[in-house]
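All chains are named by letter (A, B, ...) in the order of the sequence lines, taking the proteins before the strands, and each is independently numbered beginning at 1.
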Amino acid sequence: MEQEVANPVNWGLVAAALSLGLAAFGSSSGLGRAVSSALDAMARQPEISAKIQTAMIIGCALIEALTIYALVAVLVVAFL
Amino acid sequence: MNSDSPTFSLSYAAKLLTDDLGRPYLELAAEDGHATDDHATDAHASGEHASDAHATDEHGADAHAEGGHGAEAHGDGHDAHAHEGHGHDDHAHAPSKDYRFPQEFPNIYTLLKSYGETHHHAHHGKLGGPFAVHPPVWLNGAFALFYGLVFVIVIRRIVRFWSIEKPGRAQVAVETLFGGLYDFFEGILGKDYVRKFVPFAGSMWIFILLCNLSGLVPLLKSPTAHFWTAAGLAGFTFIYVQIVTIRESGPWHVFHHLCGSPDSAIAWVFAPLIFCLELLGTFVKPLSLALRLSGNIFGEDKLLVAFLTFGMLIPSIAFGTPTPLVGLPLHAPIIVLCVLFSTIQATVFSLLSAVYIALLLPHEHHHDEHGHDDHGHGHADGAHHGPGGAHAAHA
């Protein structure tokens with residue numbers, strides 16, 4: 001009978017997946033704050049809603065980019 | 001389905017959805033080993049699971065019938081979905097991690113290549129036909145060039161018929177778009193410089209938007225999903241920004257700005273440190289542009305592939321049949337999301353390119369030099385209208 005080798009946990013993958021979750025948490029909290037302050041500003045001055053919305057979208061894209069960097073790093077770690 | 005060919009049978013399809021990430025590859029490969037007995041059936045079955053999930057009736061049947069035999073290692077080392085880090089890097093017979101899901105749906109090149117060559121087949125349960133053709137890197141450049149050429153040629157042919165006195169609906173729509181882009185960049189660059197730089201920023205916007213959206217069209221591929229395409233665009237932006245700002249403001253002003261715009265002796269003490277940081281930032285900003293764009297579009301592509309595959313798998317799981325040519329349209333909301341995010345990414349890329357130019361342009365009205373970590377500058381008065389958008393947007 002063959003001796004079975006225990007399947008070791010690949011901690012690198014676990015770390016990568018957890019880090020991506022952490023990045024998602026950070027970016028979601030930042031995005032929530034950004035959108036919330038944009039909404040407050042729109043409520044105070046509805047006539048410039050378009051400008052505020054544009055600035056909010058741009059800010060959200062910049063914040064989201066950090067999560068994308070984390071995703072790219074995880075893809076590199078996990079698959080290269 | 002006979003029990004000899006497990007590909008896309010009920011139990012196998014159930015395994016597809018509940019993949020056991022903890023098990024090593026060789027164990028999975030050993031289980032799938034009996035799938036190699038019937039290359040013909042599983043290649044044919046997976047060959048029908050074709051590129052035409054979007055219900056375009058191609059010569060799908062003959063193409064995939066011919067793509068039936070031969071060996072093709074689809075999972076190369078440089079695939080994004082290669083082996084897990086177990087150290088079992090046997091390309092010869094261990095399947096790659098993602099052999100059950102397609103990486104990217106076929107485009108014109110892979111379709112034609114799989115039609116022409118007959119040695120692309122399903123290996124170890126991998127998908128065959130056009131899915132087994134690994135698109136080469138230069139294909140991204142070819143598609144990008146193709147979109148640029150098509151756009152320029154089509155627009156030139158159409159604009160000849162446009163008139164100023166009686167514009168048609170299409171002309172009004174395009175002019176509205178162009179006017180919107182002009183106003184958008186005027187808020188960033190200021191009235192004095194917008195005419196000079198809106199061709200660059202606007203063309204960048206249109207080109208990136210075309211490239212991004214083409215990933216949603218059935219037989220096309222979005223070149224911006226590949227990092228090096230986005231890096232090429234960002235590299236061009238980098239070079240253009242340096243040349244233009246040095247030409248407009250002069251080297252001293254650029255250097256002064258990169259040192260943090262010191263106005264006193266104390267500030268000059270910190271100038272070397274700030275200069276090093278700003279120099280690093282000058283190189284990192286295009287890199288971030290490229291990563292942001294390529295990461296987003298790559299993620300959109302994968303999301304679309306995942307939902308298309310689910311749409312095809314769910315009927316096959318429910319009825320135990322081979323995956324159908326056309327699946328459920330579960331990817332409909334994903335298309336909307338992809339269109340939205342493609343537009344946003346094109347906007348952000350071109351906007352940030354314009355911002356990097358605007359930051360280093362000479363501002364005659366702008367006497368208070370702002371520090372780079374000072375976001376609170378309100379440029380509410382009209383004299384500071386020009387670069388105000390730049391500093392507000394440069395988070």
**Student:** Give, as side chain, backbone, both or neither, the part of B:S294 having an atom under 4.5 angstrom from any heavy atom of chain A.
**Tutor:**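 For B:S294, there is no contact with chain A at all, as no heavy atom is under 4.5 Å.
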**Student:** Side chain, backbone, both or neither: which part of B:I344 has a non-hydrogen atom closer than 4.5 Å to chain A?
**Tutor:**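 Just its side chain gets close to chain A.
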**Student:** For B:L352 and A:L62: C-alpha separation, side-chain torsions, deciding distance, then whether side-chain contact (heavy atoms from CB on, under 4.5 Å) applies.
**Tutor:** CA-CA 10 Å; B:L352 283 174; A:L62 286 169; 3.6 Å; yes
**Student:** Do other residues, nucleotides or ligands put more than 12 heavy atoms under 6.0 Å from B:Y182 OH?
**Tutor:**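 Correct, the count exceeds 12.
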**Student:** Would you check, one step at a time, whether the test side-chain contact (heavy atoms from CB on, under 4.5 Å) holds for A:V72 with B:L291?
**Tutor:** CA-CA 8 Å; A:V72 169; B:L291 272 178; 4.0 Å; yes
**Student:** Which heavy atom of B:R292 sits nearest a heavy atom of A:A65, and at what distance?
**Tutor:**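 Closest approach of B:R292 to A:A65, heavy atoms only: NE-CB, 3.0 Å.
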**Student:** Where on A:A55 is there a heavy atom nearer than 4.5 Å to chain B: the side chain, the backbone, both, or neither?
**Tutor:**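 Nothing of A:A55, per the 4.5 Å heavy-atom cut-off to chain B.
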**Student:** Which bit of A:T54 is near chain B, if near means a heavy-atom gap under 4.5 Å: side chain, backbone, both or neither?
**Tutor:**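 For A:T54, side-chain heavy atoms alone lie under 4.5 Å from chain B.
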**Student:** Run the side-chain contact (heavy atoms from CB on, under 4.5 Å) test on A:L75 and B:F298 for me, step by step, so that the C-alpha distance in whole Å, both residues' side-chain angles and the decisive distance to 0.1 Å come before the verdict.
**Tutor:** CA-CA 11 Å; A:L75 286 176; B:F298 178 78; 3.4 Å; yes
**Student:** Examine whether an atom of B:F227 lies under 4.5 Å from a heavy atom of chain A, and if so say whether it belongs to the side chain, the backbone or both; otherwise answer neither.
**Tutor:**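 Neither part.
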**Student:** Is there a side-chain contact between B:T347 and A:I57, using heavy atoms and a 4.5 Å cut-off?
**Tutor:**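 Side-chain contact under 4.5 Å: no.
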**Student:** Would you give the length of the straight line joining atom CD of B:Q345 to atom CD1 of A:I68, rounded to the nearest 0.5 angstrom?
**Tutor:**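 Spacing of CD (B:Q345) from CD1 (A:I68) equals 7.5 Å.
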